[in-house]
Amino acid sequence: MSVILESVLRLVLAAGLGALVGFQRERENKPAGLRTHTIVCVGACLFCLVSIYGFGKDSDPARIAAQVVTGIGFIGAGTILFLSRQNIVVGLTTAATVWAVAAVGLAAGAGLYVLALAGALIIFGALYIPHRF
């Protein structure tokens, strides 16, 4: 399989897995839903692909992947609110899902298909199952 075709497959996988998690968040009327999770997952995957294939054999792909982890924290922080009148924090789970979906995207971008799928399913399960009991 050509590098281009496999890269597109990785992006499509990332989109589908991000959408799976985002779909659950959207059904719960959370601020970051289907589009946000899909875009974050695809973006992380694309960063990973660029770091692997874009800078030649002498580059270190882990450097860009590490920056995705740091950068996504800013997006996650924007979804967390402290409501001082009620003394509660909201958006923490949504921030965590955005962060975790970025990891799924990195896994897909690195070609770790089983890990990306397993990660997305575990995240989805952690969000979906507790609400059913």
Peer 1: Do Val42 and Phe74 share a hydrophobic cluster, counting only Ile, Leu, Val, Met, Phe, Trp and Tyr and linking them when any side-chain heavy atoms are less than 4.5 Å apart?
Peer 2: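 No, separate clusters.
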Peer 1: To the nearest 0.5 Å, tell me how far Trp99 CH2 sits from Ile123 CD1.
Peer 2: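 Here the rounded value is 9.0 Å.
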Peer 1: So which atom in Pro130 and which in Gly125 form the shortest heavy-atom distance, rounded to 0.1 Å?
Peer 2: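 Pro130 and Gly125 have their closest heavy atoms at CD-O, 3.6 Å.
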Peer 1: Could you give the distance from OG (Ser59) to CD1 (Ile64), rounded to the nearest 0.5 Å?
Peer 2: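 The CD1 atom of Ile64 is 7.5 Å from OG of Ser59, to the nearest 0.5 Å.
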Peer 1: Find the distance between CG (Leu127) and CD (Gln24) and round it off to the nearest 0.5 Å.
Peer 2: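 So the gap between those two atoms works out to 4.5 Å.
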Peer 1: Ignoring hydrogens and geometry, is there a side-chain-to-backbone donor-acceptor pair from Arg10 to Gly109 under 3.5 Å?
Peer 2: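 Indeed, once roles are kept as given, a pair shorter than 3.5 Å links the two residues.
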Peer 1: Are Leu13 and Leu121 linked, directly or through intermediate hydrophobic residues, by side-chain heavy-atom contacts shorter than 4.5 Å (ILVMFWY only)?
Peer 2: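 Linked within one cluster.
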Peer 1: Name all residues meeting the ring pair (Phe, Tyr, Trp, His ring centres under 6.0 Å) criterion together with Phe124; count only those two or more places apart in sequence or in a different chain, and write none if there are none.
Peer 2: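 With neighbours one apart ignored, the set is Tyr128.
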Peer 1: Can you name the residues that form a side chain to side chain contact (heavy atoms under 4.5 Å, CB included) with Ala95, not counting sequence neighbours?
Peer 2: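 Counting only residues at least two positions away or on another chain, Ala95 forms a side chain to side chain contact (heavy atoms under 4.5 Å, CB included) with Thr79, Ile80.
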Peer 1: Do Leu46 and Ile52 land in one hydrophobic cluster if side-chain heavy atoms of ILVMFWY residues count as linked below 4.5 Å?
Peer 2: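 Same cluster: Leu46 reaches Ile52 through Ile, Leu, Val, Met, Phe, Trp or Tyr contacts under 4.5 Å.
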Peer 1: When rounded to the nearest 0.5 angstrom, what is the spacing between SG in Cys41 and CD1 in Ile39?
Peer 2: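 Separation between the atoms: 11.5 Å.
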Peer 1: Are Val12 and Leu106 joined in one hydrophobic group, where the rule is that I, L, V, M, F, W and Y side chains link up if heavy atoms are under 4.5 Å apart?
Peer 2: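 In one cluster: no.
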Peer 1: Please report the interatomic distance CZ(Arg35) to CD(Glu26), rounded to the nearest 0.5 Å.
Peer 2: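 Between Arg35 CZ and Glu26 CD, I get 7.5 Å after rounding to 0.5 Å.
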Peer 1: More than 12 heavy atoms of other residues, nucleotides or ligands under 6.0 Å from CD1 of Ile4: is that the case?
Peer 2: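 Open: at most 12 neighbouring heavy atoms sit under 6.0 Å from CD1 of Ile4.
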Peer 1: Which heavy-atom pair separates Ser7 from Tyr53 by the least distance, and what is that distance?
Peer 2: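 Nearest pair, atom of Ser7 first, then Tyr53: OG-CE1, 3.8 Å.
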Peer 1: What are the two closest heavy atoms between Thr94 and Pro31, and how far apart are they?
Peer 2: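 Shortest heavy-atom separation between Thr94 and Pro31 comes out as OG1-CD, 4.1 Å.
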Peer 1: Which residues pass the side chain to side chain contact (heavy atoms under 4.5 Å, CB included) test with Leu115, sequence neighbours left out?
Peer 2: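 Testing Leu115 for side chain to side chain contact (heavy atoms under 4.5 Å, CB included), a comparison that skips the adjacent residues, returns Leu112.
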Peer 1: So which atom in Ala19 and which in Leu34 form the shortest heavy-atom distance, rounded to 0.1 Å?
Peer 2: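 So the minimum-distance heavy-atom pair works out to O-CD1, 3.3 Å.
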Peer 1: Enumerate the side-chain hydrogen bond (donor to acceptor under 3.5 Å, both in side chains) contacts for residues 36-51, please, sequence neighbours excluded, ordered by first and then second residue.
Peer 2: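 Only His37-Thr97 qualify under side-chain hydrogen bond (donor to acceptor under 3.5 Å, both in side chains).
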Peer 1: Of all heavy-atom pairs between Ala120 and Leu20, which one has the smallest distance, and what is that distance?
Peer 2: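 Shortest heavy-atom separation between Ala120 and Leu20 comes out as O-CD2, 4.3 Å.
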Peer 1: Would Val8 and Phe47 show up in the same hydrophobic cluster when neighbours are defined by side-chain heavy atoms closer than 4.5 Å?
Peer 2: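 No, because Val8 and Phe47 fall into different hydrophobic clusters, even though each may have its own neighbours under 4.5 Å.
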Peer 1: So which heavy atom on Ile72 is nearest to which on Ala102, and how close?
Peer 2: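 Ile72 and Ala102 have their closest heavy atoms at CG1-CB, 3.9 Å.
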Peer 1: Could you give the distance from CD1 (Ile122) to CG (Leu117), rounded to the nearest 0.5 Å?
Peer 2: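 If we round to the nearest 0.5 Å, Ile122:CD1 and Leu117:CG are 9.5 Å apart.
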Peer 1: Could you list the residues that satisfy side chain to side chain contact (heavy atoms under 4.5 Å, CB included) with Val114, not counting sequence neighbours?
Peer 2: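 If we apply the side chain to side chain contact (heavy atoms under 4.5 Å, CB included) test to Val114, skipping adjacent residues, there are no hits.
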Peer 1: Under the side-chain hydrogen bond (donor to acceptor under 3.5 Å, both in side chains) definition, can you give me all pairs with a residue in residues 63-76, not counting sequence neighbours?
Peer 2: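 side-chain hydrogen bond (donor to acceptor under 3.5 Å, both in side chains) check on residues 63-76 returns no pairs.
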